[in-house]
Amino acid sequence: MTYLDHAATTPMRQSAIDAWVEASGALNPNGQYAAGRQARSVLDSARETVAELLGCEPIEVIFTASGTESDNIALQGLYAASESNRIIVPAAEHSAVRDVAGMLAGRGAQVVDLPVDGAARVCDLSPLDTPAALATCMYANNEVGSIQPIAEITQRAAAVGTPVHVDAVQAVGKLPINFHELQATTLAASAHKFGGPRGTGLLLAQRTPAPKPVYFGGGQERGIRPGTVNVAGAAGLAAALQESLREHEREAARLARLRDKLRTFITAHIDDVVVNTTEPALPTHLHVSFLGTDGDSLIMLLDRAGVAVSTGSACAAGVNRVSHVLEAMGADNVRARGALRFSLGYTTTEDDIDAVCQQLPEIIETARKVSEL
Ligand code: PLP
C-alpha cells in the first residue's frame with residue numbers, strides 16, 4: 001500500500017513501540033508501594049522528556065487521551081475560568097475546536113470569528129483587541145497545512161489579557177515548538193500524529209490562568225485530567241516526540257522535496273487543478289482540487305489502486321461533507337468537491353510518490369468521466 005494519509009494518523013515509530021511495550025506492565029503511578037513508585041518514575045521521566053522538548057515545566061504537562069480531549073478540556077476549562085462570555089475562534093479550525101465553540105454558544109457564549117484568507121490563514125487580528133474569555137487558533141491547518149501567525153495572535157491577545165489556546169495537533173513533532181516562548185496559555189497535541197500510540201494526547205497548561213476542571217473524580221494531572229494515567233501511552237508518546245524532533249530538520253527537507261515533486265507532476269500532467277496548499281505550510285501537506293471530480297470517488301479509485309489518501313475534512317459515517325476549511329478560503333463548490341489531501345510522513349519514500357504519479361492521471365480521467373454520468 002502507498003500510504004499518504006499521515007495527517008490523519010501516522011504509523012507508530014519503533015522507538016515508541018519499544019517504550020510502550022517496556023512500560024506496558026506499569027501499574028497505578030499513584031500506588032504508595034514499590035510497583036506504584038516504579039510506574040510513577042516512568043511517568044515522571046516521560047513528563048520531563050516532553051517538558052524539555054516542548055519548552056515548558058514538567059508540571060505544565062498534562063497527559064490526556066487525544067487531541068480532541070485536550071482541545072475540549074482547554075476550551076471548556078478556560079471558558080469556565082473566565083467571567084467573560086466572549087470567545088474568539090478562526091473559521092478554519094478543526095471540529096475538535098469548532099464543535100466545542102458551538103456547544104459553548106448554546107450555553108450563552110458569544111463566538112467571534114477570526115477571518116481567514118484564501119490560504120486558510122488568519123488574516124485579521126483586530127477582534128483580538130477586545131478582551132475575551134479565550135482566543136483559540138490552530139498552529140497549522142490539518143487540511144491544507146498552512147501555518148498560522150501564532151506568535152502574533154498570542155502577543156495581541158496577551159496585550160489585553162486574553163488567554164490563548166493553541167491546537168498544535170498537526171504541528172507538534174514536525175516543527176520546533178517552545179511553549180513558553182509562544183506565550184500560549186494552553187496547547188494541544190496528539191501522539192498518533194508524530195508516531196506515538198493512538199489514544200494518547202497532551203495538554204500543556206500554564207499554572208495560571210489554568211483551565212477549570214471539566215471532568216471530576218480524581219486529582220491526577222493537576223485535577224485537570226483526572227483518571228488513572230496511561231503510563232505506557234505517555235512513555236510511547238515521549239519516545240516518539242524525541243525521535244521526531246531529533247530528525248525534524250532533515251525530515252522537513254526530505255518531505256518538502258517529495259511533496260514538491262508530487263505537486264510539480266500534478267500541475268504539469270493534469271489539467272484543471274487548483275493547489276490549495278500555499279507557503280508557509282507544513283512540508284507534509286499537499287492539498288489539491290481536481291476540478292470536475294468528486295473527492296469521495298477519487299478516494300475509492302485510489303484505494304482500488306493501492307493508494308490511501310483522504311480529503312482531510314471531517315467525515316460523518318465515512319461520507320465526506322464539503323470542507324468548511326475550503327468554504328472559509330472562498331472556494332466554490334466545484335473546487336471544494338474535487339479536493340484531495342496527500343499527506344506525507346516519516347515512512348514516505350520516493351517510490352511512494354512515483355507510484356502515485358504513475359496512477360493519478362488515469363484515475364483523474366476516470367473520476368471526471370464518472371462525475372459526468
Ligand atoms: N486538531 C487537529 C488540528 C487535528 O488535525 C486533529 C486530528 O486530526 C485533532 C485536533 C484531533 O486529534 P485526535 O485525533 O488525537 O483526537
Side-chain angles (χ1 to χ4, degrees), residues 1-22 49-50 53 66-67 139-145 147 168-177 189-202 232-233 235-266 277 281-288 298-312 315 340-360 363:
M1 174 185 55
T2 303
Y3 184 70
L4 290 176
D5 200 19
H6 288 265
T9 196
T10 204
M12 255 176 99
R13 292 171 184 270
Q14 192 56 48
S15 60
I17 295 173
D18 293 345
W20 191 92
V21 168
E22 200 180 322
T49 302
V50 169
L53 291 169
S66 63
Y139 201 109
N141 186 269
N142 51 299
E143 291 186 33
V144 296
I147 296 173
V169 167
Q170 288 291 331
V172 165
K174 294 179 193 141
L175 302 174
I177 289 177
S190 181
H192 73 108
K193 304 289 187 182
F194 51 82
R198 276 161 282 284
T200 313
L202 266 187
L237 179 151
L241 188 59
Q242 197 157 37
E243 186 179 340
S244 57
L245 287 176
R246 197 186 305 128
E247 65 184 30
H248 84 88
E249 264 179 51
R250 190 167 24 95
E251 273 298 275
R254 187 181 76 84
L255 295 174
R257 191 184 66 75
L258 293 178
R259 191 260 322 256
D260 292 349
K261 178 176 175 176
L262 180 57
R263 183 183 46 215
T264 305
F265 178 88
I266 289 172
T277 299
L282 293 171
T284 46
H285 282 54
L286 178 63
H287 197 276
V288 181
L298 286 181
I299 291 169
M300 276 186 274
L301 290 165
L302 282 160
D303 183 32
R304 232 174 41 190
V307 179
V309 288
S310 70
T311 63
C315 63
L340 205 61
R341 176 184 70 186
F342 302 91
S343 58
L344 289 62
Y346 78 100
T347 61
T348 307
T349 61
E350 189 111 29
D351 285 351
D352 290 329
I353 301 303
D354 291 344
V356 179
C357 293
Q358 212 190 359
Q359 321 241 34
L360 204 53
I363 285 175

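For the pair Ile266 and Leu286, the minimum side-chain heavy-atom distance is below 4.5 Å. In this structure the side chain of Lys174 reaches within 4.5 angstrom of the side chain of Thr284, judged on heavy atoms. Contact annotation: the side chain of Ile353 approaches that of Leu344 to within less than 4.5 Å [non-hydrogen atoms, C-beta and beyond]. Contact of the Leu175 side chain with the Ile147 side chain is registered, since non-hydrogen atoms from C-beta on lie closer than 4.5 Å. Looking only at side-chain heavy atoms (C-beta outward), Leu301 and Arg304 come within less than 4.5 Å of each other. When side chains are defined from C-beta on, Gln242 counts as touching Leu53, because their heavy atoms get closer than 4.5 Å. Side-chain contact between Glu251 and Arg254 is present, with heavy atoms from C-beta onward closer than 4.5 Å.
With respect to the salt-bridge test (charged N to carboxylate O, under 4.0 angstrom), the residues Arg13 and Asp18 do not qualify.
A donor-acceptor contact shorter than 3.5 Å is absent between the side chain of Arg259 and the backbone of Phe342. Side-chain N or O atoms of Thr277 include one that pairs as donor or acceptor with a backbone N or O of His287 at under 3.5 Å. At least one donor-acceptor pair under 3.5 Å links the side chain of Tyr346 to the backbone N or O of Pro11. With Gln359 contributing its side chain and Ala305 its backbone, the two residues share a donor-acceptor pair below 3.5 Å. Asp352 places a side-chain N or O within 3.5 Å of a backbone atom of Thr349 that can act as its donor or acceptor partner.
In summary, the side chains of Gln358 and Asp354 do not present any donor paired with an acceptor at a separation below 3.5 Å, with no hydrogens or angles considered.
Note that the CG atom of Leu262 and the CG atom of Leu360 stand 7.5 Å from one another [nearest 0.5 Å]. Ser343 OG to Glu143 CD: the interatomic distance, rounded to the nearest 0.5 Å, is 11.5 Å. Note that NE2 of His192 and OG1 of Thr10 are 10.0 Å apart. Values are rounded to the nearest 0.5 Å.
When the shell of 6.0 Å around CD of Glu22 is examined, it contains 12 or fewer heavy atoms from other residues, nucleotides or ligands.
When all heavy atoms are compared, the tightest approach of Asn142 to Gly312 is ND2-O, 3.6 Å. Residues Ser244 and Leu241 approach most closely at OG-O, 3.2 Å, considering heavy atoms.
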